[in-house]
Amino acid sequence: MNVLLLGAGGREHALAWKLSQSPKTTKLFTAPGNAGTEECGENVSLNIDDFNEVKSFVIQNKIKMVVVGPEAPLVNGFHDNFLKDDLLKSIPVIGPTKQGAELEGSKDFAKGFMKKCNIPTAAYQTFDKEGLEKSYRFLETMKAPYVLKADGLAAGKGVLILDDINEAKAEMKEMLENAKFGEASKKVVVEEFLSGIELSVFVLADGNSYKILPSAKDYKRIGEGDTGLNTGGMGSISPVPFADKTFMDKIKNKIIKPTIEGLKTEGLNYKGFIFFGLINVEGEPFVIEYNVRMGDPEAESVIPRIKSDLMDLFEGVAEGNIADREIEIDERYCASVFLVAGGYPEKYEKGNVMTGFENVNDSILFHAGTKKDFKSGQILTNGGRVLAVSSFGETMKSALETSYKNVELIQFKGKNFRKDLGKDLLNFF
Ligand code: AMP
Ligand code: GLY
């Protein structure tokens, strides 16, 4: 069948790489895609906010499945538009409807949902402009550090963790009264700080049942030892060594099952990925956040470990029979190291020529911010996070060694990467 994939990052290249290997895929279109997804099918420019444009493309190209990579179209009701249209309603969309996407689109909704379902998460209260004074009183009952979260999507910048209570109060005022994050901070969640080590767990849900995908740990900060500014992700490792059977069973019973049941109770026919952003607090898992998509950079180490046909699993999602589908996971480690542009996540250059791809033969190269210059045939950098180098290994150490060896073979002006991935996990072996 013909498939349309939405998105342009490393996650989408990982999905495109996997979907293009399926015998069920006839032709894969990625909108807008990057130089990597171009190798897996055809990149197309589509204004996904223009429903008529999407509709004509889907009909003309006989698209039989749409896979949504990022959260924004889902939060904006992309899936709902398909369900409302007589010609498109039978075409499955992998990704929840607007209401289900609120799990990521509204922190207050997500916290309320967890509370209702008894899912372990940090204690919290939500405030709006009228509740500013009340939020100060609530902060006074809490211990530092103070965690403040803009309710809506804020491009990953909406979470503030502050040591000083006066600063926390000032930021509450900035967010609620002065719209620091625009509409996103009309409401703010104030929550208890949890101390532990984070991990990401993913499931594919079909509205009724689910399959658990491999766990992963991502590296968010630009600097070694988790220092410096936050980024879109500097790499990932799958599986997470401390996510052993006992811990995964706790996640399944205390978090995944109640989430799936809760979605059913709410009447949400949730079809797509659920990303559980978790923290391990002395052996107990807590939910930090939900996302309604695969993680990036986690996809670049998780997707390669799925041995089964991902199209078959997506068909299971569409048909509501994922429980009957096989999922086989590669037991090996996969480590993914991100090459980023010099200066990122602050000011950086685009358009630098990349070389050395042909010298890499034992890693998978997932493109993120890249584009092909069709005149010269060269690959150019086209974003802050440029390329993920993903490798398998019997051990975490050997997977990392292969990625780091190949990182040296890819060249572009200003190339930067973190050299310490996995160091924080060594004491869990
Ligand atoms: P979020 O956008 O909700 O993922 O938050 C961004 C980051 O802030 C998370 O990945 C955590 O590292 C951190 N964080 C969020 N909530 C908490 C919390 N309650 N306790 C400790 N750290 C948190
Ligand atoms: N790796 C975190 C995210 O995808 O949001």
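We count ligands from 1, going down the list as the structure has it; atoms in each ligand are counted the same way.
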[X]: numbered ligand 2 atoms lying under 4.0 Å from its heavy atoms:
X      : answer
Pro297 : 1 (N)
Gly295 : 4 (O)
Glu298 : 1 (N), 2 (C), 4 (O)

Any salt bridge between [X] and [Y], counting N to O under 4.0 Å?
X      : Y      : value
Glu38  : Lys372 : no
Asp309 : Arg325 : no
Lys180 : Glu171 : yes
Lys149 : Asp151 : no
Glu224 : Arg418 : no
Glu261 : Lys257 : no
Glu315 : Lys24  : yes

Which of the numbered atoms in ligand 1 are below 4.0 angstrom from a heavy atom of [X]?
X      : result
Lys107 : 1 (P), 2 (O), 3 (O)
Glu191 : 16 (N), 17 (C), 18 (C), 19 (N)
Glu289 : 1 (P), 2 (O), 3 (O), 4 (O)
Phe193 : 20 (N), 21 (C), 22 (N)
Lys149 : 3 (O), 15 (C), 16 (N)

Considering heavy atoms of the protein only, find what lies nearest to [atom] and give residue, atom and distance to 0.1 Å.
atom                    : value
atom 5 (O) of ligand 1  : Val159 CG2, 3.4 Å
atom 17 (C) of ligand 1 : Ile288 CD1, 3.5 Å
atom 11 (C) of ligand 1 : Glu198 OE2, 3.1 Å

The one among Glu289, Arg293, Arg11 that brings a heavy atom closest to atom 5 (O) of ligand 2: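 When every heavy atom of Glu289, Arg293, Arg11 is considered, Arg293 comes closest to atom 5 (O) of ligand 2.
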Atom 7 (C) of ligand 1 touched by protein (heavy atom, under 4.0 Å):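 Under 4.0 Å from atom 7 (C) of ligand 1, zero protein heavy atoms found.
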Distance-only N or O hit between ligand 2 and Asp218, under 3.5 Å: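 By distance alone, the answer is yes.
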Ring centres under 6.0 angstrom apart (Phe78, Phe51):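 No, too far apart.
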Validation row, ring centre His79 to ring centre Tyr270 under 6.0 Å: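 Ring centres of Tyr270 and His79 not closer than 6.0 Å.
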Per-residue contact class, Glu192 against ligand 1 - non-hydrogen pairs under 4.0 Å: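 The backbone, only.
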Point-to-point distance, once rounded to the nearest 0.5 Å, from OH of Tyr219 to CZ of Arg221: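 Answer for the OH-CZ pair, Tyr219 versus Arg221, is 14.0 Å.
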Test applied, side chain to side chain contact (heavy atoms under 4.5 Å, CB included); reference residue, Phe202; option that passes from Leu213, Ile303, Asn291: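 So the option named by the test is Leu213.
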Heavy atom of Ile161, distance to ligand 1 below 4.0 Å: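 Contact present.
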Any N/O pair Leu194/ligand 1 closer than 3.5 Å: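 Indeed, backbone or side chain, Leu194 has an N or O that close.
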